[in-house]
2 protein chains.
Amino acid sequence: MESPVNIKKLAQLLNLSIATVSKALRDSHDIGQETKEKVIALAKELNYQPNPHASFLRKHNSKTIAVIIPEIANNYFTLAINGIESVADEKGYHVIIYLSHENVDREVAFSRHLHSGRADGILISVSSTTTDYTHLHDLQKKGLPIVFFDRVCEDFNTVKVTTDDYQSGYLATKHLIDQGCKRIAHLAISTSISIGNNRAKGYLQALQDHGVMTDESFLIECINNTVLDTELIKDLFLHIKPDGIFAAVERYAIICYEICEELGLNIPQDVKIISFSNIQTASLLNPSMSTITQPAFEIGREAATMLLKKLEKKNFELKDETIVIQSKLIPRKSTMM
Amino acid sequence: MESPVNIKKLAQLLNLSIATVSKALRDSHDIGQETKEKVIALAKELNYQPNPHASFLRKHNSKTIAVIIPEIANNYFTLAINGIESVADEKGYHVIIYLSHENVDREVAFSRHLHSGRADGILISVSSTTTDYTHLHDLQKKGLPIVFFDRVCEDFNTVKVTTDDYQSGYLATKHLIDQGCKRIAHLAISTSISIGNNRAKGYLQALQDHGVMTDESFLIECINNTVLDTELIKDLFLHIKPDGIFAAVERYAIICYEICEELGLNIPQDVKIISFSNIQTASLLNPSMSTITQPAFEIGREAATMLLKKLEKKNFELKDETIVIQSKLIPRKSTMM
DNA sequence: TTGAAAGCGCTAACAG
DNA sequence: CTGTTAGCGCTTTCAA
């Protein structure tokens, strides 16, 4: 167990004061060229790493951003993290990940914890059970910048990065109508969160605009519990007998595929399916699945870019705006005529 | 922007000394019961969160563990993170994630950075380009506990958590033989890393034990670049014409599915495919894919459990041992007779 | 049972 | 150009 190499040790070894070493390392203007070089050389040799906790105490930044997401075993969030990480890495920031598991209480607990200075800023995609945002407002009041992505809080005064959920919901539904569907169901995520609500609204509007019959029983609000959701969806198949399904989330579409197999229903002859999804194997499914694919990486990247701009630039403020990055509808066999 | 609530403020408000408040909060034996209660009540009321950076400086622990993995858009690592997070969360630890993108240089840079005290311990699955481990040994010398999972360094003096790669490779190959395959190829990950090497060895041994023909051209070492790997694998199909494929990694199997579609090859009639995989949709692929499914969540959980035991228990040491958690072979249509 | 004071590693204001 | 010094928020002797 080697002794730690800190600024004090460097100073001793070089016969300089601690302050001089500190300034040399930060390339301060008022240190001589040779001194700087000597310091930097020794620092490199000993693999000196400034202690981030100590410098936090002075500068009040930890060079860390917190990412709060509902789950990680999910292609969308995984790609978004890649996007976030790519910009954090460029700017020398570290990424701490918190998983809310779709549970507000956990989200609140994390938020509380973040009052401690562990992170300089927050990227969040709220859980499906979040309806009250005071935990996040408290954080913002404390001066912690927050940027929302994907599942945003629409009336929160900050930058929100999202995709065109309403428009995409509309297009997905329109696509099913164009393919001849008459009984189109929608598997929604909690309509109390932005994306769930917007996707459902797009669905309803498309139906209305094209005179397709519907009633509440065609719109199922799933609960993010595989067992219960499977029951709900099976009920839908048995009682409503839809000929078209628009799933707001990949997992629900997967459940549909499984149920169809179980019930001996043929996709797309008996029922056509389209889903929001970032699954890599959509084209290899049986049958290949039509998707609305979100620019997950770009959304993560954009959200992180905004947050880091706020952290790094003195005069940059997070405006109250929504940045929309378009999704793409990719038709495949699951919605073929 | 509210003023921060720190221990000093609590002390002022309560007319106590900072020291007393500190001790009361840590439930020290030499503080009066009523004093404790008053302190704790106010702390809760004001949502006091101890500053982790300040306490690090004294106690030299940050209640944070670092996880270094090759990539995150991967079902295996995603599940492992869930496992890791589940135990970190129980013990009040935070998880920082570093993505090496299969690049040793990044891994080395992260390791260097971790000399700073940012994390108390490290969980790592090494990149496929890592052959030298001095960056990790340096960390260990400094007193930072390291636990390997999945892609381990076999002769590193610490706990390694992994699955039975050799055995699974053997069984997968045996399964193909049992299904009548005569020309069995293996798509390996870098055989310079443990799991790649062990899976390949199991493959070779199974072939030998059952007298199945082979030569080097049947063992393709992929490079983790989709474009190049696709070329390599397409060459394999065109020139070697295997009738059985054992993929060491999900992504290679996916590429095989795509190539088969392109070349008009029929799975499983023309070629049978089995792969290590944690993909959720394996059973929905066309045809459903036989897999060796690793207990990813449990592996993450076990690795994190060992690391946290080391961090929390005074007398617990990380022994030089390998903990093996069994994988499961799930036969599906892609290897049907 | 409580409080005063030192110090963790670092930065920055100020002196020299 | 370099050094002295105070102090970030907290824990921890040690003294009262």
Side-chain angles (χ1 to χ4, degrees), chain A residues 2-40 42-43 46-64 113-120 142-143, chain B residues 2-40 42-43 46-64 113-120 142-143:
Chain A
E2 286 163 15
S3 73
V5 22
N6 53 28
I7 216 170
K8 195 167 167 187
K9 188 163 183 178
L10 291 183
Q12 281 169 351
L13 257 31
L14 291 162
N15 255 321
L16 285 171
S17 78
I18 290 177
T20 306
V21 174
S22 173
K23 279 186 254 180
L25 289 170
R26 352 206 77 254
D27 200 25
S28 159
H29 277 297
D30 50 36
I31 297 291
Q33 196 53 41
E34 356 165 34
T35 314
K36 267 188 202 171
E37 280 163 16
K38 265 192 292 185
V39 172
I40 292 174
L42 185 67
L46 301 185
N47 187 24
Y48 165 74
Q49 298 293 334
N51 184 311
H53 306 288
S55 60
F56 170 86
L57 238 42
R58 293 291 322 210
K59 304 195 305 176
H60 284 271
N61 72 56
S62 58
K63 283 271 185 184
T64 303
H113 199 104
L114 286 169
H115 283 269
S116 68
R118 201 171 258 279
D120 302 338
K142 253 229 168 138
Chain B
E2 286 164 14
S3 73
V5 21
N6 52 28
I7 215 170
K8 195 168 168 188
K9 188 164 185 177
L10 291 183
Q12 282 170 350
L13 257 32
L14 291 162
N15 256 321
L16 286 170
S17 78
I18 289 176
T20 305
V21 174
S22 173
K23 280 186 257 182
L25 289 170
R26 353 206 77 254
D27 201 26
S28 161
H29 276 297
D30 49 37
I31 296 291
Q33 195 52 42
E34 358 166 30
T35 314
K36 267 187 201 171
E37 279 163 16
K38 265 192 293 184
V39 171
I40 291 174
L42 185 67
L46 300 185
N47 185 24
Y48 165 73
Q49 298 294 333
N51 184 310
H53 305 287
S55 61
F56 170 87
L57 238 41
R58 294 290 320 214
K59 305 197 304 174
H60 285 273
N61 73 54
S62 58
K63 284 272 186 182
T64 303
H113 199 103
L114 287 169
H115 283 268
S116 67
R118 201 170 258 279
D120 301 338
K142 255 227 167 141

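Below, chain A is the first sequence line, B the second, and so on; all start at residue 1.
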Please list each protein N or O that sits under 3.5 Å from an N or O in nucleotides 5-7 of chain C, with the distance.
unit_1: C/dG7; atom_1: N2; unit_2: B/R58; atom_2: NE; d: 3.4
unit_1: C/dG7; atom_1: N2; unit_2: B/R58; atom_2: NH1; d: 2.8
unit_1: C/dG7; atom_1: N3; unit_2: B/R58; atom_2: NH1; d: 3.1

If you restrict it to nitrogen or oxygen atoms, what contacts under 3.5 Å exist between nucleotides 14-16 of chain C and the protein, and what is each distance?
none

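The listed nucleotides are D/dT11, D/dG3, C/dC10; the one nearest the side chain of A/N6 is C/dC10. The A/H60 side chain lies nearest to D/dC8 when the options are D/dG3, C/dC10, D/dC8. With C/dG9, C/dG3, D/dT12 as the candidates, the nucleotide lying closest to the side chain of A/N51 is C/dG9.
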Using residues 8-17 of chain B as the side-chain source, report each donor-acceptor pair under 3.5 Å to any protein atom, sequence neighbours left out, with the distance given to one decimal.
unit_1: B/K9; atom_1: NZ; unit_2: B/S3; atom_2: OG; d: 2.8
unit_1: B/S17; atom_1: OG; unit_2: B/A19; atom_2: N; d: 3.4
unit_1: B/S17; atom_1: OG; unit_2: B/T20; atom_2: N; d: 3.1
unit_1: B/S17; atom_1: OG; unit_2: B/T20; atom_2: OG1; d: 2.9

Distance-only donor-acceptor hits, side chain of residues 53-61 of chain B, under 3.5 Å, sequence neighbours excluded:
unit_1: B/H53; atom_1: ND1; unit_2: A/H53; atom_2: ND1; d: 3.0
unit_1: B/H53; atom_1: NE2; unit_2: A/G117; atom_2: O; d: 2.8
unit_1: B/S55; atom_1: OG; unit_2: B/P52; atom_2: O; d: 3.3

Distance-only check: which donor-acceptor pairs under 3.5 Å involve side-chain atoms of residues 22-29 of chain B, not counting sequence neighbours?
unit_1: B/D27; atom_1: OD1; unit_2: B/K36; atom_2: NZ; d: 3.0
unit_1: B/S28; atom_1: OG; unit_2: B/D30; atom_2: N; d: 3.3
unit_1: B/S28; atom_1: OG; unit_2: B/D30; atom_2: OD1; d: 3.0

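If you check every strand for non-hydrogen atoms under 4.0 Å, B/S55 touches sugar and phosphate atoms only. Contacts of B/P50 with the nucleic acid, taken as non-hydrogen atoms under 4.0 Å apart, involve only primed sugar atoms and P, OP1 or OP2.
Where the helix from C/dT1-D/dA16 to C/dG16-D/dC1 starts and where it ends, the local axes point in directions that differ by 50°; five pairs per end, rounded to 10°.
For A/N51, there are no side chain to side chain donor-acceptor pair (under 3.5 Å) partners, not counting sequence neighbours. Judged as a side chain to side chain donor-acceptor pair (under 3.5 Å), and not counting sequence neighbours, the contacts of A/T64 are B/R118. For A/H113, the ring-ring contact (aromatic ring centres under 6.0 Å, His included) partners are B/H94, not counting sequence neighbours. Qualifying salt bridge (charged side-chain N to carboxylate O under 4.0 Å, His left out) partners for A/K63, counting only residues two or more places apart in sequence or in other chains: A/E312.
Map B/K36 and B/A54 each onto its nearest nucleotide of DNA chain C; the residue landing nearer the 5' end is B/K36.
Contact check, B/Y48 against D/dC10: a side-chain N or O comes under 4.0 Å of OP1 or OP2.
Computed from coordinates, the B/K8 NZ to C/dG3 P distance equals 16 Å when rounded to whole Å.
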